[in-house]
There are 2 protein chains.
Amino acid sequence: MTKDKILDTAERLFADQGVDATSLRQIVAEARVNLAAVHYYFRSKEALLDAVILRKLAAVNRERMALLDRFEREAGGRASVERVLEAFIAPTWAVKDRHPQFVKLMGRLHAEGFMLRLMKEHFQDVLDRFLEAFHCSMPETEWEELLWRIHFTVGAMAHTLRGAPEVHVAAGRKPGYSPQRVSQSLVDFLAAGFRAPVRVVEEK
Amino acid sequence: MTKDKILDTAERLFADQGVDATSLRQIVAEARVNLAAVHYYFRSKEALLDAVILRKLAAVNRERMALLDRFEREAGGRASVERVLEAFIAPTWAVKDRHPQFVKLMGRLHAEGFMLRLMKEHFQDVLDRFLEAFHCSMPETEWEELLWRIHFTVGAMAHTLRGAPEVHVAAGRKPGYSPQRVSQSLVDFLAAGFRAPVRVVEEK
DNA sequence: GTCTATACTGAGATAGAC
DNA sequence: GTCTATCTCAGTATAGAC
């Protein structure tokens, strides 16, 4: 089908080259469809990108919710920060095994604030659920501080999803961790960050 | 001077709208210079971007090195992770006071892997110095794990520099921290992450 | 309903006149 | 050094074939 051919090809090219660097003409050439078909099915390049993401994001979010359900059940109530982080992060890595390019793309879009826009428009329930779970796992921490820590988390996650650990290269080393190991290190790193005591400051 | 007018205007527009969304035509219109002048002085849009960044990055890196020097002197040798993080992160926020748009731009470019490329090409000495300082502050931690934690750090920093804490908005709250407070929370959060014990794993 | 051919506008790049 | 003119290619839009 024409529509799916466009979606598949766009997903691959967007992830490999970036959205701006990919022209609609390249997409339709590789998908062997006509240029105007894009406009017919999606109206614009931006709307095509939305469709590409939404197609997969729905599944990721279902998995996130299911994991959080399980963790809360196992804990008999509120899940620990580690578990909440894992429920949010792990599903993206699970996708990575089967669709590495898509995950790269998600990383890029997270970093551009695009991802949260989509989440807010289409998955506000997931957003609310995880905000609540974070809050329950850290009931002592004030919302303002908690939200900043979530903000830092999104940044670290997005950057890691994007792939290419340039720091290793800059240090003259090859990264040796498996994707699962990276995900684990990330969760441990972030959980420790969440558990850090909030510094008392006198603002001047 | 024509060249500086182009640099100033490009910096402002790149930061406000993003690089791709900013056309050279818009830059030359606002700078009141001719379109071809950009190609005469900079050869391409990409090279113009390099020039915009390098103009300010040099100063930031000098400040980073100076801070690290001071912290190591004060500690009588190796600085703590907190101090190393502060030496790396604080100078970017110091710039933010005077050039908020430029910092937004740096955040964007960090997230795109562009920043590390520039650092590697023009400031490998700064890179080496900080890698060494991180290593000295965490001598027990293996390089592989340490570099990943630095990778997470860059992600969190880049995302935070980019401004716009969308998470707060998604949660229906207004962020109330001052920039200094955000920088502090970030350093505390990351330092705790660095200090997290490395999980022992049996890879399967 | 689907899809194609084709045209329109605006982008970055370049050559050459002054 | 600076600017005009022009080239190519991008995203978008529309009319109409099947």
Side-chain angles (χ1 to χ4, degrees), chain A residues 1-55 101-102 104-106 108-109 111-115 117-118 121, chain B residues 1-55 101-102 104-106 108-109 111-115 117-118 121:
Chain A
M1 194 152 171
T2 301
K3 192 172 174 178
D4 288 323
K5 278 198 292 187
I6 295 173
L7 283 170
D8 291 337
T9 311
E11 179 181 313
R12 181 168 49 81
L13 293 176
F14 282 165
D16 283 348
Q17 314 174 346
V19 177
D20 286 306
T22 302
S23 68
L24 293 182
R25 284 169 172 80
Q26 187 186 3
I27 294 172
V28 299
E30 298 203 13
R32 298 188 175 282
V33 301
N34 187 273
L35 174 60
V38 175
H39 186 256
Y40 175 70
Y41 285 112
F42 303 101
R43 222 192 71 253
S44 74
K45 190 183 182 181
E46 182 75 10
L48 169 59
L49 178 58
D50 275 29
V52 166
I53 303 296
L54 279 177
R55 193 169 64 146
Q101 301 143 326
F102 177 72
K104 248 173 72 184
L105 175 56
M106 291 217 303
R108 261 186 231 256
L109 297 180
E112 289 161 19
F114 183 103
M115 221 46 206
R117 197 205 82 208
L118 274 189
E121 282 173 13
Chain B
M1 194 155 173
T2 302
K3 193 172 175 176
D4 288 322
K5 277 196 292 185
I6 295 172
L7 282 171
D8 291 337
T9 312
E11 180 183 313
R12 180 167 51 80
L13 294 177
F14 283 165
D16 282 348
Q17 315 174 344
V19 178
D20 286 306
T22 303
S23 68
L24 294 182
R25 283 171 171 80
Q26 187 185 3
I27 294 172
V28 299
E30 298 204 12
R32 299 186 176 282
V33 302
N34 187 274
L35 175 59
V38 175
H39 290 93
Y40 175 72
Y41 285 113
F42 302 102
R43 219 192 75 256
S44 72
K45 189 182 181 180
E46 181 75 12
L48 168 60
L49 179 57
D50 276 29
V52 166
I53 302 297
L54 280 176
R55 192 170 64 147
Q101 302 145 326
F102 177 71
K104 249 171 73 184
L105 176 57
M106 291 217 302
R108 259 186 233 257
L109 297 178
E112 288 161 19
F114 183 102
M115 219 50 204
R117 195 207 85 207
L118 273 190
E121 281 173 14

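What you are looking at is a predicted structure, and each value in this text was computed from that prediction instead of being measured. Protein chains get the first letters and strands the later ones, always in sequence-line order, with residue 1 at the start of each.
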Taking [atom1] from [X] and [atom2] from [N], how many angstroms apart are they, rounded to a whole number?
X       : N      : atom1 : atom2 : value
B/Glu46 : C/dT14 : CD    : P     : 14 Å
B/Leu48 : C/dA13 : CG    : C1'   : 14 Å
A/Phe14 : D/dA10 : CZ    : C1'   : 13 Å
B/Ile6  : C/dG12 : CD1   : C1'   : 14 Å
A/Leu24 : C/dA11 : CG    : P     : 17 Å
B/Leu35 : C/dT14 : CG    : P     : 12 Å
A/Asn34 : C/dT6  : CG    : C1'   : 10 Å
A/Arg43 : D/dG11 : CZ    : P     : 16 Å

Residue-phosphate contact under 4.0 Å: [X] side-chain N/O, [N] OP1/OP2:
X       : N      : value
A/Tyr40 : C/dT2  : yes
B/Ser23 : C/dG10 : no
B/His39 : C/dT14 : no

Are any of the side-chain nitrogens in A/Asp50 or A/Arg117 under 4.0 Å away from the carboxylate oxygens of its partner?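 Salt bridge flag = yes for A/Arg117 with A/Asp50.
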Any salt bridge between A/Asp8 and A/Arg55, counting N to O under 4.0 Å?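 Looking at A/Asp8 and A/Arg55, the cut-off is met.
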Side chains of B/Ile27 and B/Leu35 in contact at under 4.5 Å (non-hydrogen atoms): no
NA contact type, B/Ala36, heavy-atom cut-off 4.0 Å: base, sugar-phosphate, or nothing?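 Base: the residue B/Ala36, judged by heavy atoms under 4.0 Å, touches a nucleobase.
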If you check every side-chain atom of B/Lys45, which of C/dG12, D/dT2, C/dT4 has the closest atom?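 The answer is C/dG12, which lies nearest to the side chain.
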Hey, does the side chain of A/Thr22 reach the backbone of A/Leu13 with a donor-acceptor pair shorter than 3.5 angstrom?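 Confirmed, A/Thr22 side chain pairs with A/Leu13 backbone.
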On the side chain of A/Arg25, is there an atom forming a donor-acceptor pair with the base of D/dG11 - under 3.5 Å, no angle test? yes
In sequence, state the C-alpha distance, the side-chain angles, and the governing distance for A/Arg32 and A/Thr9, and then conclude on side-chain contact (heavy atoms from CB on, under 4.5 Å). CA-CA 10 Å; A/Arg32 298 188 175 282; A/Thr9 311; over 6 Å; no
